[in-house]
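Written below as structure tokens is the structure these notes are about.
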Amino acid sequence: NLQVTFKYGRNRRFSVQKEPFKPPVFGVTILGSGHGFDPNKRTTGFVIWINGVGYVVDPPLNTSELLHSEGISSRSVEYLILTHCHGDHDAGTLQKILEEDRITVLTTPTIMASFLRKYAAIVGIHESEIRKLFHFQAVQLGGPNQINEAIFNFHYSVHTLPCVGFEVIFCEKKIFYSADTLNVPDKLEAL
């Protein structure tokens, strides 16, 4: 059991016992649903659960703390899907990489190269040093990527820079994530 303490009023506290989180066979845990222009909300990020293994998508800052507060072991998250390199999607990625033992990052080589260039410049170390901190698994666009027992189909979205969305299929069920994309039918038709 996990004990959670809440503070309210004039420093009064109360505690509740939470049962440890049991991941679903196939499901989603939302970590945040905000955007980069709202300082009061967590940026969009979530965990997809596949047979007890977590795949965190665009982790918001302090994802491990958030998971822990909900009784979820950060060790149950073994994969990280990076959709693109905008601050509201990759801000927690480097933090998550630094907190874990060799997490596997799933994205395209183009997006990975962008991530490495960006964070090498921000932290002031060479890209090769950052690259040693995680396992990179390149995803194929347009075709099936079998990752453990699930099938992922990645696609580029219509965005200002390379960005991937995906569909994941497991036990004959699907989850689709468009990622950041242009969703204006008239504009898409013009393209």
Side-chain angles (χ1 to χ4, degrees), residues 1-2 18-33 42-86 88-116 118-119 123 127-141 143-155 163-179:
N1 285 347
L2 172 73
K18 287 184 115 176
E19 290 295 317
F21 177 77
K22 293 180 183 150
V25 173
F26 190 51
V28 175
T29 299
I30 303 297
L31 302 173
S33 60
R42 287 185 182 271
T43 56
T44 298
F46 54 95
V47 179
I48 297 175
W49 299 101
I50 302 170
N51 218 14
V53 175
Y55 296 69
V56 65
V57 180
D58 295 342
L61 285 172
N62 302 319
T63 289
S64 293
E65 290 174 18
L66 177 61
L67 292 171
H68 180 73
S69 72
E70 294 299 320
I72 303 170
S73 168
S74 65
R75 295 273 184 213
S76 61
V77 175
E78 297 179 15
Y79 294 87
L80 188 154
I81 299 173
L82 178 60
T83 64
H84 65 293
C85 288
H86 270 163
D88 59 330
H89 290 268
D90 69 358
T93 299
L94 183 61
Q95 181 184 39
K96 189 72 177 151
I97 287 169
L98 292 171
E99 293 172 347
E100 300 299 329
D101 291 330
R102 302 286 291 176
I103 195 166
T104 298
V105 178
L106 305 168
T107 195
T108 65
T110 301
I111 294 170
M112 178 52 63
S114 178
F115 174 80
L116 290 171
K118 177 180 178 178
Y119 283 95
V123 299
E127 292 175 26
S128 63
E129 293 302 309
I130 295 173
R131 183 66 188 81
K132 292 176 185 175
L133 300 173
F134 60 93
H135 175 69
F136 168 55
Q137 185 173 335
V139 299
Q140 300 296 318
L141 297 173
N145 295 265
Q146 182 159 357
I147 303 168
N148 293 329
E149 298 114 5
I151 300 293
F152 285 80
N153 294 309
F154 288 89
H155 63 273
C163 177
V164 292
F166 59 88
E167 169 188 67
V168 58
I169 304 164
F170 181 69
C171 291
E172 300 180 16
K173 294 182 180 178
K174 297 179 185 182
I175 295 172
F176 181 86
Y177 181 56
S178 67

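Note that the structure is a prediction, hence the values are computed from the model and not measured.
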[X]: what forms a side-chain contact (heavy atoms from CB on, under 4.5 Å) with it, not counting sequence neighbours?
X      : answer
Ser64  : Ser74, Lys96, Glu99, Glu100
Leu133 : Ile97, Leu98
Val139 : Leu106, Thr108, Asn145, Phe154

Taking salt bridge (charged side-chain N to carboxylate O under 4.0 Å, His left out) as the definition, give me every residue that meets it alongside [X], ordered by chain and number, with sequence neighbours left out.
X      : answer
Glu167 : Lys174
Glu129 : Lys132
Lys173 : none

I want to check something: taking the side chain as every heavy atom from C-beta on, are [X] and [Y] in contact at a cut-off of under 4.5 Å?
X      : Y      : value
Arg131 : Phe136 : yes
Val47  : Val57  : no
Leu61  : Gln95  : yes
Val77  : Tyr55  : no
Glu78  : Thr104 : no
Thr93  : Pro59  : yes
His135 : Val105 : no
Phe26  : Ile175 : yes

Say you draw a straight line from [atom1] of [X] to [atom2] of [Y]; how long is it, rounded to the nearest 0.5 Å?
X      : Y      : atom1 : atom2 : value
Ile130 : Met112 : CD1   : CE    : 10.5 Å
Phe115 : Phe134 : CZ    : CZ    : 6.0 Å
Ile81  : Ile111 : CD1   : CD1   : 11.5 Å
His155 : Cys163 : NE2   : SG    : 8.0 Å
Ile169 : Asn153 : CD1   : CG    : 5.0 Å

Is the distance between the ring centroids of Phe170 and Trp49 under 6.0 Å?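 No, too far apart.
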Do Phe176 and Phe166 make the cut of ring centroids closer than 6.0 angstrom?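 No, too far apart.
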Within a radius of less than 6.0 Å around CD of Gln140, do more than 12 heavy atoms belonging to other residues, nucleotides or ligands occur?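 Open: at most 12 neighbouring heavy atoms sit under 6.0 Å from CD of Gln140.
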State whether the side chain of Thr107 and the backbone N or O of Leu82 hold a donor-acceptor pair below 3.5 Å, judged by distance alone.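 Here the side-chain-to-backbone pair exists.
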Only one of Leu80, Thr29, Ile48, Leu67 forms a side-chain contact (heavy atoms from CB on, under 4.5 Å) with Val56, so which one is it?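 Among Leu80, Thr29, Ile48, Leu67, the one that satisfies the side-chain contact (heavy atoms from CB on, under 4.5 Å) with Val56 is Leu80.
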Closest non-hydrogen atom pair between [X] and [Y], with its separation:
X      : Y      : value
Tyr79  : Ile147 : CE2-CG2, 4.0 Å
Ser69  : Leu66  : OG-O, 2.7 Å
Thr83  : Tyr177 : CG2-CE2, 4.0 Å
Ile151 : Pro144 : CG2-CB, 3.8 Å

